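Both backbone and side-chain heavy atoms feed into the values below; hydrogens, waters and symmetry mates do not. If you're wondering where the values come from, they're calculated on a predicted model, not measured in any experiment.
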Amino acid sequence: MRTTVALCFLVPGLLLAALLSGAAEETLAPPPAGIQAFHPGETLTYDVSWSRMLSAGTLIMTVETEKLPDEREVLKFVVRGRTHGLVDKVFPVDDAVQSVFDPLLMQSLSYSLRESFGKKKRLRVAEFDHAKRTAVCRLNEAPPETLPIPEPVQDGLSLLYVLRTKDGLTTGRRMDIDVVDSGKNWTVGVSVLAREKVATLAGEFDTIKIRTFPKYQGVFTGKGEVFLWLTDDDRKVPVRMKSTLKVGSFVFELTDMKPGIHRITQ
């Protein structure tokens, strides 16, 4: 899944492997309306490094608002990632991801990923019609493709925010979330691994360690493993994210956070 380019500097996969043996599996139900974990104005800033040894860039995640044609206000999640230093000279990356999210449906309405890596540029767009249970997906100037979708369904970015709204993330729990990414239907498996204390430049946090992994047509793809450390509180802020590679890993560590203000009327 290329969405994780958003979260892992744009290394394919926001996803992970291996289920906890003996844990009960469930399908992730849509959370209730009235989001408490995040609000418009929230800004999270991350340092991106390779194996926590070489600083590679900066990632900024924000929660904004957008108005639909009927004047109803919805949420917009925005991620911007840029390389810096030596990495920027060798392989510059400047990516932007946007997800428009309906807090009443608790589902994605649209998604775009604008990638610039090295000398290449790419644009992926998905627009969801939940009444018809379809998504129209486009890559660059190619003809659009219509995809049947399950309900509920997320995009690769709204997936992370929906996970933050979940209660009862007890150790050993696992669940599935349906996601549309790269013009395909995926299932992302989520396993709650442990409680851990994590120290970053933004402070020290009690966290919930989570592992995610992608499945295509019910089969684990064997790659795209991502670990998340969410604060063990109502906000469930991702203070660390780790995407494994063939050699080493990309690590995102929180350096600064600004909470948002509750303004959405539901």
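Using a 4.5 Å heavy-atom cutoff, the side chains of Arg174 and Val190 are not in contact. Using a 4.5 Å heavy-atom threshold, the side chains of Ser158 and Phe77 count as touching. Between Glu64 and Gln98 there is no side-chain heavy-atom pair separated by less than 4.5 Å. Taking the side chain as every heavy atom from C-beta outward, Pro152 and Met106 never approach each other to under 4.5 Å. Looking only at side-chain heavy atoms (C-beta outward), Trp229 and Glu196 come within less than 4.5 Å of each other. Looking at Leu230 and Val239, their side chains never come closer than 4.5 Å, going by heavy atoms from C-beta outward. Within the 4.5 Å cutoff, the side chain of Phe91 has no heavy atoms near those of the Lys119 side chain. Side-chain contact between Tyr46 and Met61: present, with at least one pair of heavy atoms (C-beta onward) separated by less than 4.5 Å.
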Test side-chain contact (heavy atoms from CB on, under 4.5 Å) on Phe101 and Lys76 and set out the steps.
CA-CA 6 Å; Phe101 180 81; Lys76 181 167 70 173; over 6 Å; no

Let me see the working for Phe38 and Tyr161 under ring pair (Phe, Tyr, Trp, His ring centres under 6.0 Å), right down to the final yes or no.
CA-CA 8 Å; Phe38 48 83; Tyr161 284 92; 5.1 Å; yes

Val180/Asn185 under side-chain contact (heavy atoms from CB on, under 4.5 Å): CA gap, chis, key distance, verdict:
CA-CA 5 Å; Val180 169; Asn185 283 306; 3.4 Å; yes

Give the intermediate values and the outcome of side-chain contact (heavy atoms from CB on, under 4.5 Å) for residues Arg72 and Leu104.
CA-CA 11 Å; Arg72 188 163 64 88; Leu104 291 180; 3.3 Å; yes

Please report the C-alpha distance between Thr187 and Ile177 in whole Å, then the side-chain angles of each, then the deciding distance to 0.1 Å, and finally whether the side-chain contact (heavy atoms from CB on, under 4.5 Å) criterion is met.
CA-CA 6 Å; Thr187 299; Ile177 306 177; over 6 Å; no

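Note that CH2 of Trp186 is 12.5 Å distant from NZ of Lys215, once rounded to the nearest 0.5 Å. Rounding to the nearest 0.5 angstrom, the gap separating the CG atom in Leu201 from the OG1 atom in Thr45 is 11.5 Å. One finds the CD1 atom of Ile210 at 9.5 Å from the OG atom of Ser191 (value rounded to the nearest 0.5 Å). Between atom CD of residue Gln107 and atom CZ of residue Phe128 there is a gap of 8.5 Å, rounded to the nearest 0.5 Å. Rounding to the nearest 0.5 angstrom, the gap separating the CG atom in Leu228 from the CZ atom in Arg211 is 12.0 Å. Expressed to the nearest 0.5 Å, how far OG1 of Thr207 lies from CG of Asp233 amounts to 10.5 Å.
Between the side chain of Ser55 and the main chain of Ser49, no donor-acceptor pair closer than 3.5 Å is present. Between the side chain of His130 and the backbone N or O of Leu109, no donor-acceptor pair lies under 3.5 Å.
For Arg114, the CZ atom is loosely surrounded, since the number of other residues' heavy atoms within 6.0 Å does not exceed 12. Other residues, nucleotides and ligands place more than 12 heavy atoms under 6.0 Å from the CG atom of Asp88.
Ion pairing between Arg82 and Asp95 fails under the 4.0 Å rule for side-chain N and carboxylate O. The pair Glu73-Lys67 does not count as a salt bridge, with every side-chain nitrogen at least 4.0 angstrom from each carboxylate oxygen. Taking the charged nitrogens against the carboxylate oxygens, Arg164 and Glu42 do have a contact shorter than 4.0 Å, which makes a salt bridge.
Closest approach of Pro103 to Ile35, counting heavy atoms only: CB-CD1, 4.0 Å. Considering every non-hydrogen atom in both Gln36 and His39, the closest pair reads O-NE2, 3.7 Å. The two atoms that bring Ala199 and Glu253 nearest to each other are O-OE1, 4.3 Å, heavy atoms only. Heavy-atom minimum distance, Gly156 versus Val179: N-CG1, 3.8 Å. Contact record, Ser116 with Lys121: OG-NZ, 3.3 Å, taken as the closest heavy-atom pair. Across every non-hydrogen atom of Arg173 and Gly168, the tightest pair is NH1-O, 3.0 Å.
Under 3.5 Å, the side chains of Lys236 and Thr231 contain no donor-acceptor pair of N or O atoms. Side-chain polar atoms of Thr58 and Asp47 form no donor-acceptor pair below 3.5 angstrom. For the residue pair Ser99/Asp155, the side-chain donor-acceptor check at 3.5 Å is satisfied.
The side chain to side chain contact (heavy atoms under 4.5 Å, CB included) check on Ser110 picks up Val100, Glu127, with sequence neighbours excluded. Partners of Ala202 by side chain to side chain contact (heavy atoms under 4.5 Å, CB included), not counting sequence neighbours, listed by chain and number: Thr200, Phe205, Leu254.
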Side-chain polar contacts of residues 134-148 - donor-acceptor pairs under 3.5 angstrom, sequence neighbours left out - could you list them?
from: Asn140; atom 1: OD1; to: Leu123; atom 2: N; distance (Å): 2.8

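Using a 4.5 Å cut-off between side-chain heavy atoms of Ile, Leu, Val, Met, Phe, Trp and Tyr, with links allowed through other members, Leu193 and Val188 fall into the same hydrophobic cluster. A continuous path of ILVMFWY side-chain contacts below 4.5 Å connects Val48 to Trp50, so both sit in one hydrophobic cluster. When the side chains of ILVMFWY residues are joined at heavy-atom separations under 4.5 Å, either directly or via intervening members, Val192 and Val198 end up in a single hydrophobic cluster. At a threshold of 4.5 Å between side-chain heavy atoms, the hydrophobic network of Ile, Leu, Val, Met, Phe, Trp and Tyr places Val78 and Leu160 in two separate groups. Under the 4.5 Å side-chain heavy-atom criterion for Ile, Leu, Val, Met, Phe, Trp and Tyr, Leu169 and Met241 are members of the same hydrophobic cluster.
A cation-pi contact links Lys184 to Tyr216, judged by a cut-off of 6.0 Å to the six-membered ring centre and 45° from its axis.
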